[in-house]
Amino acid sequence: MTINHNGDRTMTRIVHPDFSLGPDVCQGDLCLTRLDGIAPKIVAALDRSQVIRPAANGIVRLLEGEITGHHHEIALPGFRARAALLRDDAMAAEIAATAPVAIGAAVLFADAKAADALAGKIGSPDRPQRWTGLHVGFLAVEGGPVDLIHPEHDTIRLPPGNYAVGRQVESAGSEERAVQD
Amino acid sequence: MAKKYSLTPEHAVQLRPWHEKWVDIAMRTRPMTDADRDAMRATVNGLYAAANLPPPKHIVFVPSPLVGRVAAGFASAIWWMHHNRRRATWAATEAATRAATWDATEAATWDATEAATRDATRDATWAATRAATEAATWVATEATTWAATRDATWDATEAATWAATRAATRDATEAATEAATAGWARRLAKLIAPKAAAFLLSCVSNAMNLYAGGNMWAAGVDFLSFFRHVARLPLDWSKWQHYEAASMHGGWRFMHPDFCIVVDFPTRISIDEQRRPHREDGPSHLWSDGFAIYSWHGLILPPDRSWIIADKARITPEAIEAEENAEFRRVMLEISIDGKTGFERYIEARGGREIAADVMWGQQRRVLEIDLRGEKQFVLDVTNGTIEPDGTRRRFFVGAVSDARSRRPGTPHEAVARSYGRNPKTYGEACRT
């Protein structure tokens with residue numbers, strides 16, 4: 001039992017990626033591909049100046065849930081401390097007991113040049129533009145791990161690194177349609 | 001023509017907000033207010049004056065485009081008979097609904113201003129205003145409503161009218177036609193003008209000749225209004241201003257020398273993420289009188305197929321197999337009932353051929369093939385990485401993404417990788433929740 005970012009009790013576990021199995025971190029219709037090992041030159045040239053969505057109330061939103069209103073988000077440090085201000089002492093104690101608490105920082109940004117370079121490298125060879133169409137942006141995590149959270153999925157504790165953030169499609173006859181969460 | 005204007009930086013920053021303002025106008029779902037109706041009365045009279053026409057005898061506000069179309073058709077027929085007192089024929093239908101008013105007002109207002117603005121910085125503003133607003137609104141509003149009123153009135157009017165006029169003396173044919181169609185418009189026409197019912201109905205079929213715009217036709221107005229209010233081109237806007245106001249304060253508009261009908265805004269417009277009309281649990285478009293349009297990712301369901309969304313319980317494997325249209329079959333397979341897609345329910349009932357399977361994170365993944373009326377469809381059967389509070393795992397049946405060249409999904413690994421746009425050779429899950 002843990003507490004999610006809203007302070008709600010959930011059955012969520014905290015899952016740690018094992019990058020020896022591959023570079024892709026998947027949470028439902030969201031996929032983060034860790035670039036540090038597979039595209040070091042592109043990583044070195046990343047331009048972080050175009051921030052897509054600055055943190056608000058300790059949260060960086062990666063993908064909105066159009067149907068459910070449930071979003072894939074990064075919880076930044078300080079948010080759990082805020083959650084501890086809830087009046088429920090038992091809940092606050094449980095939050096304090098959850099360790100280690102994520103202590104990193106994260107920023108979501110756009111870099112069209114890097115995205116173009118990556119499409120041919122990690123996109124599906126039959127249709128690399130599919131990867132481009134699904135690409136949301138780049139996520140830089142540093143200083144420590146951060147939590148990737150969603151009300152309907154277990155939390156993923158992301159270690160520091162550079163990630164390409166993308167979403168998922170399903171086939172719908174003659175067209176491919178973004179999965180609606 | 002000398003260039004009248006160059007886009008300045010101060011004006012350029014207003015392009016996006018201007019476009020968004022007109023998208024809001026086109027997608028409006030708040031009803032007309034008394035202030036809107038007052039504005040429409042003044043602006044309609046202004047439009048007729050701009051066309052050197054006397055004001056219409058009646059300006060009528062109606063709740064939906066279907067009522068507007070039927071009323072416009074009936075009224076134009078009745079006014080034609082009043083003015084002509086001659087036998088109603090097919091040729092009379094054209095005369096009754098000929099766009100006399102539309103031609104006049106368009107000539108007086110649109111052409112004069114559009115020509116003058118054409119030499120302005122069209123490229124920069126066109127994409128940012130007209131094209132953008134049209135892309136954001138056209139499919140979801142104008143095109144959908146047009147097709148839906150055509151579909152809704154066809155069965156009730158044109159088919160009935162054609163059969164009736166072709167076999168006017170054959171009571172049996174008339175009876176059969178009445179039985180085969182909804183018949184309500186035919187019954188209404190007979191009530192109003194027993195001897196000219198067919199003529200009234202034929203004018204309803206032609207009533208779109210009277211259509212003259214409204215808020216849903218916002219893209220062109222967006223473009224010109226930028227030049228009026230932001231660029232402030234020194235043109236004579238005294239006539240076009242009425243067209244602009246009519247696009248802001250009212251919905252669809254049917255203009256006739258003797259009357260003008262203005263339709264209220266819908267109470268609902270639902271779209272998908274590509275801004276196409278779409279709603280899974282009811283009509284995508286709804287007006288206050290109940291006129292409804294059902295849509296699925298841009299596919300408008302005709303009245304005889306609206307049950308696919310309105311009464312989903314009727315989607316059975318037999319109904320799916322009986323459907324001749326592949327697009328409607330697809331809707332039935334994609335639509336969810338109680339958390340299960342049509343794919344899942346169909347596969348549960350009929351089975352699917354398993355063409356590949358593997359295990360990932362302890363859960364089976366499968367690629368299944370179903371064959372519907374000779375059309376092969378591939379379905380990916382996967383289980384959620386997260387356990388639900390009740391201890392179960394959600395299962396998903398989704399359309400499997402195929403390789404664009406082989407047109408086959410391959411293994412579950414390949415289909416999942418491709419669903420994220422990733423190269424299956426380099427895709428590898430470090431974790432999944």
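Proteins come first, then strands; the chains are lettered A, B, ... in the order of their sequence lines, and each starts at number 1.
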Of all the heavy-atom pairs spanning [X] and [Y], show the shortest one and how long it is.
| X | Y | result |
| --- | --- | --- |
| B:Tyr420 | A:Trp131 | O-CD1, 4.0 Å |
| A:Gly28 | B:Arg432 | O-NH1, 3.8 Å |
| A:Cys26 | B:Tyr427 | SG-OH, 3.2 Å |
| A:Ala172 | B:Arg330 | CA-NH2, 3.3 Å |

Using side-chain heavy atoms (C-beta onward) and a distance below 4.5 Å, is B:Val401 in contact with A:Val169?
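Contact flag for B:Val401/A:Val169 side chains = yes.
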
Kindly indicate whether the side chain of B:Ser419, heavy atoms from C-beta on, has any atom under 4.5 Å from the side chain of A:Arg130.
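The answer is no, as the side chains (C-beta and beyond) never meet within the 4.5 Å cut-off.
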
Would you call B:Glu334 and A:Arg177 a salt bridge, using N to O less than 4.0 angstrom?
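Looking at B:Glu334 and A:Arg177, the cut-off is met.
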
Check ion pair B:Arg418-A:Glu176 (N to O, under 4.0 angstrom):
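Not counted as a salt bridge, because no side-chain N and carboxylate O are separated by less than 4.0 Å.
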
Please flag which part of [X] lies under 4.5 Å from any non-hydrogen atom of chain A: side chain, backbone, both or neither.
| X | value |
| --- | --- |
| B:Ser406 | neither |
| B:Ala417 | neither |
| B:Asn384 | side chain |

Does the B:Thr386 side chain pair with the main chain of A:Asp154, one donor and one acceptor, at a distance under 3.5 Å?
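The answer is yes, because a donor-acceptor pair under 3.5 Å joins these two groups.
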
Short question: side chain of A:Asp18, backbone of B:Ala430 - any donor-acceptor pair under 3.5 Å?
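Between the backbone of B:Ala430 and the side chain of A:Asp18 there is no qualifying donor-acceptor contact (under 3.5 Å).
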
Could you tell me the separation between the [atom1] atom of [X] and the [atom2] atom of [Y], rounded to the nearest 0.5 Å?
| X | Y | atom1 | atom2 | answer |
| --- | --- | --- | --- | --- |
| A:Leu21 | B:Glu429 | CG | CD | 10.0 Å |
| B:Ile387 | A:His153 | CD1 | NE2 | 13.5 Å |
| A:Glu175 | B:His297 | CD | NE2 | 7.5 Å |
| A:Glu170 | B:Phe343 | CD | CZ | 8.0 Å |

More than 12 non-hydrogen atoms from neighbouring residues, nucleotides or ligands closer than 6.0 Å to CD on B:Glu324, yes or no?
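Not buried by this count: 12 neighbours or fewer within 6.0 Å.
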
Surrounding CG of B:Asp338 (heavy atoms of other residues, nucleotides or ligands, distance under 6.0 Å), is the total greater than 12?
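Incorrect, the count does not exceed 12.
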
Would B:Arg394 and A:Glu152 count as a side chain to side chain contact (heavy atoms under 4.5 Å, CB included) if you check the C-alpha gap in whole Å, the side-chain angles of each, and the deciding distance to 0.1 Å?
CA-CA 10 Å; B:Arg394 284 173 65 191; A:Glu152 291 164 355; 3.8 Å; yes

Under 4.5 Å from any heavy atom of chain B, what part of A:Leu30 do you find: side chain, backbone, both or neither?
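Backbone of A:Leu30 only, per the 4.5 Å heavy-atom cut-off to chain B.
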
Between A:Ser20 and chain B, which part of the residue has a heavy atom less than 4.5 Å away: side chain, backbone, both or neither?
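It is neither, since no heavy atom gets under 4.5 Å.
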
Taking only heavy atoms into account, what residues of residues 118-126 of chain A are found under 4.5 Å from chain B?
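At a heavy-atom separation under 4.5 Å, chain B is reached by A:Ile122, A:Gly123, A:Ser124, A:Pro125, A:Asp126.
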
Identify which of A:Gly166, A:Gly22, A:Ser171 forms the greatest number of heavy-atom pairs closer than 4.5 Å to chain B.
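That would be A:Ser171.
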
What do the steps show when you test B:Cys431 against A:Ile156 for side chain to side chain contact (heavy atoms under 4.5 Å, CB included), and what is the final call?
CA-CA 8 Å; B:Cys431 68; A:Ile156 297 175; 3.7 Å; yes

